[in-house]
Amino acid sequence: MTTAEELIARSNRLGADPKNTNYAGGNTSAKGTATDPVTGQDVELLWVKGSGGDLGTLKESGLAVLRLDRMRALVDVYPGVEREDEMVAAFDYCLHGKGGAAPSIDTAMHGLVDAAHVDHLHPDSGIAIATAADGEALTTTIFGDQVVWVPWRRPGFQLGLDIAEIKAKNPQAVGCILGGHGITAWGDTSEEAEKNSLWIIDTAAAYIEEHSKAEPFGPALEGYGPLVEAERRTKAAALAPTIRGIASADQPMVGHFNDSEVVLDFLASEAHPRLAELGTSCPDHFLRTKVKPLVLDLPATASVEDSIARLKELAVGYREDYQAYYDRHADANSPAIRGKDPLIVLVPGVGMFSFGKNKQTARVAGEFYVNAINVMRGAEGLSTYAPIDESEKFRIEYWALEEAKLQRMPAPKPLATRVALVTGAASGIGKATAKRLAAEGACVVIADLDLVKAEAAAAEIGGSDVAVGLAADVSDEAAVQAMLDAAVLAFGGVDLVVNNAGLSLSKSLLETTERDWDLQHDVMAKGSFLVSKAAAKVLIEQEMGGDIVYISSKNSLFAGPNNVAYGAAKADQAHQVRLLAAELGEHGIKVNGINPDGVVQGSGIFAGGWGAKRAEVYGVKEEELGKFYAQRTLLKREVLPENIANAVFVLCGPDLTHTTGLHVPVDAGVAAAFLR
Ligand SMILES: NC(=O)c1ccc[n+]([C@@H]2O[C@H](COP(=O)([O-])OP(=O)(O)OC[C@H]3O[C@@H](n4cnc5c(N)ncnc54)[C@H](O)[C@@H]3O)[C@@H](O)[C@H]2O)c1
Ligand SMILES: [Zn+2]
């Protein structure tokens with residue numbers, strides 16, 4: 001195995017176990033020799049995890065490769081801690097070849113420490129010691145002289161020099177506890193570094209386990225214990241739109257809900273308000289969680305109405321506090337304030353809502369707060385939790401290097417942060433629409449009658465950070481509410497609803513039974529009414545505007561043959577568009593419709609008998625129906641599900657922001673169905 005391969009294998013092993021480090025947290029390195037292609041001579045190199053990546057999934061492309069002699073020569077030009085950030089740009093002059101991934105701020109620590117293999121990790125157990133008020137003494141008690149305490153210092157060149165010096169002065173030591181932050185361990189071989197890392201992590205964990213007081217978070221708070229699961233989720237779903245609105249006051253956010261035992265236990269304890277106020281400590285943690293969460297200070301049994309009212313009050317206070325924190329620490333060179341809303345909202349008895357600019361970021365923010373709870377439990381169990389100072393948190397959060405990283409992020413896709421719910425999306429037009437919306441950055445909820453098909457369609461689009469499948473019969477009010485609840489718990493809220501579920505039975509008036517009439521009206525007219533009603537409640541509570549799109553039909557206008565029940569149901573849907581556009585406009589909710597026609601390919605409606613009937617009505621072969629429809633259009637084009645999906649995107653996308661109550665024909669041109 002090459003040095004780099006060995007490093008990747010070690011990193012993947014370490015990163016696979018969440019006890020060792022948080023997601024995308026920490027970094028690893030190896031030093032070794034390779035042939036310089038220019039001179040043919042040996043050259044000493046440093047392979048180190050680059051900026052951003054995750055250890056568990058690290059690949060060789062995620063490594064930065066530097067010339068060790070040049071990297072170490074930076075010590076001679078280092079201008080001192082005041083200007084240590086300049087050294088990050090200097091790393092570019094140390095790269096070997098193209099250098100691979102961008103070197104991270106921790107590169108100095110890896111390069112300067114005189115050991116062939118170095119791991120820097122953020123284990124909950126290690127950070128518990130690192131954030132204990134007497135962490136330094138604890139480090140000696142737990143590890144003797146094997147592990148050395150390094151007082152908190154913002155990551156950078158100086159921290160690298162500090163650790164290098166500690167290693168030089170303590171030849172017996174295998175690593176350090178970095179105050180307020182994490183651990184660093186080293187070894188002469190990759191195995192030795194890994195063994196030392198794990199030894200520090202496991203020894204700290206075992207010590208906490210053995211010496212922690214029985215109730216690190218204090219006694220249980222009366223009335224703050226978890227609600228039973230069904231009640232908890234119902235309350236969570238009822239609160240979610242308000243909470244998402246709070247988290248999105250400055251910028252729209254996607255949400256994640258976590259009601260795991262760790263979270264509920266923390267919120268049931270006496271110490272939770274004090275500890276939550278202290279905030280997280282590890283730089284990785286609070287960059288994703290903000291300095292502190294918003295905590296609802298009401299018991300689990302508080303009503304939804306009372307909880308909403310109190311959350312809104314607390315949000316005002318949270319924003320004022322955050323502004324004050326910014327004002328206390330910002331100077332003329334600080335980047336502009338990035339938004340005052342909480343990223344973590346805690347509701348006793350119910351759980352935690354976490355937020356981010358996409359689902360993955362929102363989920364990871366929640367994971368990091370769970371890390372922070374574990375850290376606080378460990379630190380309080382042995383001592384008192386003492387995170388780094390607020391001023392230091394500010395220096396990290398508004399660090400010029402952090403700002404530069406944010407500026408480098410690619411521009412978000414047009415529908416980023418938007419949560420779409422598409423009914424009948426396991427097939428045809430709905431599925432194509434869900435795909436398109438996801439491709440434009442939306443999170444999508446695919447609802448359909450059949451759970452297996454809904455989940456399969458979701459899986460085709462992506463993992464659960466992008467798409468989830470649900471079973472729901474849109475003609476059943478309770479099922480529709482359950483669908484909205486599930487959507488809201490999956491992504492924090494809903495922004496864009498597509499009433500697409502439908503079915504079609506081609507029959508003459510005399511053949512149409514009462515059941516035929518009721519079924520089509522139940523699914524399309526009543527179904528979209530029920531979905532719009534339940535969704536509008538969420539949209540209104542979020543106060544973030546929104547879109548409702550009806551997939552109506554050319555047949556809402558055109559009196560096609562043998563079509564009384566279907567055509568009438570479609571006309572009902574079409575008029576709902578106008579009525580709801582008029583009613584919901586004051587909430588910033590746009591309601592528009594699409595009138596497709598002749599979408600044969602991919603359509604379950606056509607495959608399920610309607611196609612055969614229509615073919616018979618028009619006197620053509622069923623397999624030629626698509627072409628037949630194309631020929632009767634003005635453009636002579638066949639209409640595909642993707643054409644409808646494109647129209648949905650345009651209606652909800654960034655350009656058509658001032659249009660509501662519109663019907664867009666997507667029928668390749670049918671004069672008889674022109675809107676007039
Ligand atoms: N295909 C066309 O030419 C055409 C033309 C105009 C309008 N439309 C409309 O477009 C929409 C989608 O049609 P399609 O052609 O993609 O058909 P499709 O059969 O491929 O998809 C419709 C989906 O709706 C689901 N569905 C049916 N009843 C439901 C219920 N009660 N609850 C939840 N889901 C339900 C079905 O399971 C199916 O997956 C329908 O509203 C249809 O009327 C289609
Ligand atoms: Zn770190």
Side-chain angles (χ1 to χ4, degrees), residues 21-22 24-27 49 104-106 109 119-123 126-127 130 154-156 159 178 180-184 281-285 287 396 422-434 446-451 453-454 457 470-476 479-480 483 498-505 519-520 522-528 530-531 549-556 558 560 563 566-567 569-570 573-574 593-611 614 625-626 629 638-641 643-645 648 665-667 670 673:
T21 202
N22 58 299
N27 29 63
K49 191 201 92 170
S104 84
I105 188 71
D106 288 324
M109 167 176 21
D119 295 332
H120 165 63
L121 301 166
H122 298 157
I127 309 176
R154 189 171 73 174
L159 183 64
L178 312 187
H181 176 173
I183 71 164
T184 293
S281 185
C282 175
D284 250 8
H285 294 177
L287 278 173
I396 298 263
V422 187
T423 67
S427 170
I429 292 171
K431 187 167 158 183
T433 300
I446 296 201
D448 209 304
L449 286 174
D450 185 320
L451 177 66
K453 279 196 199 154
L470 299 176
D473 177 348
V474 296
S475 65
D476 172 345
V480 167
M483 167 180 85
V498 185
N499 276 313
N500 167 77
L503 79 162
S504 197
L505 307 166
L519 177 61
Q520 292 178 86
D522 280 352
V523 174
M524 294 180 287
K526 183 173 106 178
S528 37
L530 292 173
V531 172
V549 178
Y550 281 70
I551 307 300
S552 174
S553 171
K554 173 205 75 176
N555 290 312
S556 67
F558 174 72
N563 208 9
Y566 180 80
K570 286 293 167 191
Q573 285 187 306
I594 294 173
N595 292 344
D597 186 43
V599 184
V600 179
Q601 287 187 41
S603 166
I605 287 180
F606 276 93
W610 167 268
R614 290 278 102 183
L625 197 58
Y629 281 138
E638 186 171 347
V639 185
L640 302 175
N643 301 126
I644 319 300
V648 176
V666 185
D667 55 9
V670 176

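Start at 1 and go down the list; that is how both ligands and their atoms are numbered.
- Between Met524 and ligand 1, not a single N/O pair is under 3.5 Å apart.
- Screening Ile183, Thr21, Leu178 against His120 for a side-chain contact (heavy atoms from CB on, under 4.5 Å) leaves a single residue, Leu178.
- In terms of N/O distances under 3.5 Å, ligand 1 is approached by Ser603.
- Ranked by closest heavy atom to atom 29 (C) of ligand 1, the top entry among Leu449, Leu470, Leu625 is Leu449.
- At a 3.5 angstrom cut-off on N or O pairs, Gly430 does not count as close to ligand 1.
- Take a cut-off of 2.8 Å around the Zn ion (ligand 2): the protein N, O or S atoms inside it are His120 NE2, His122 NE2, His181 NE2.
- Between the side chains of Asp473 and Ser475, at least one donor-acceptor pair of N or O atoms lies under 3.5 Å.
- Below 3.5 Å of separation, one finds no N or O of Ala447 facing any N or O of ligand 1.
- Residue nearest to atom 40 (C) of ligand 1, selected from Asn499, Asp522, Asn500, Val599: Asn500 (by heavy-atom distance).
- Note: an N/O pair closer than 3.5 Å links Ser427 and ligand 1 by distance alone.
- Proximity annotation for atom 25 (C) of ligand 1: of Leu519, Val666, Asp448, Asp448 comes nearest, heavy atoms only.
- On a distance-only criterion, Ile429 and ligand 1 share at least one N/O pair closer than 3.5 Å.
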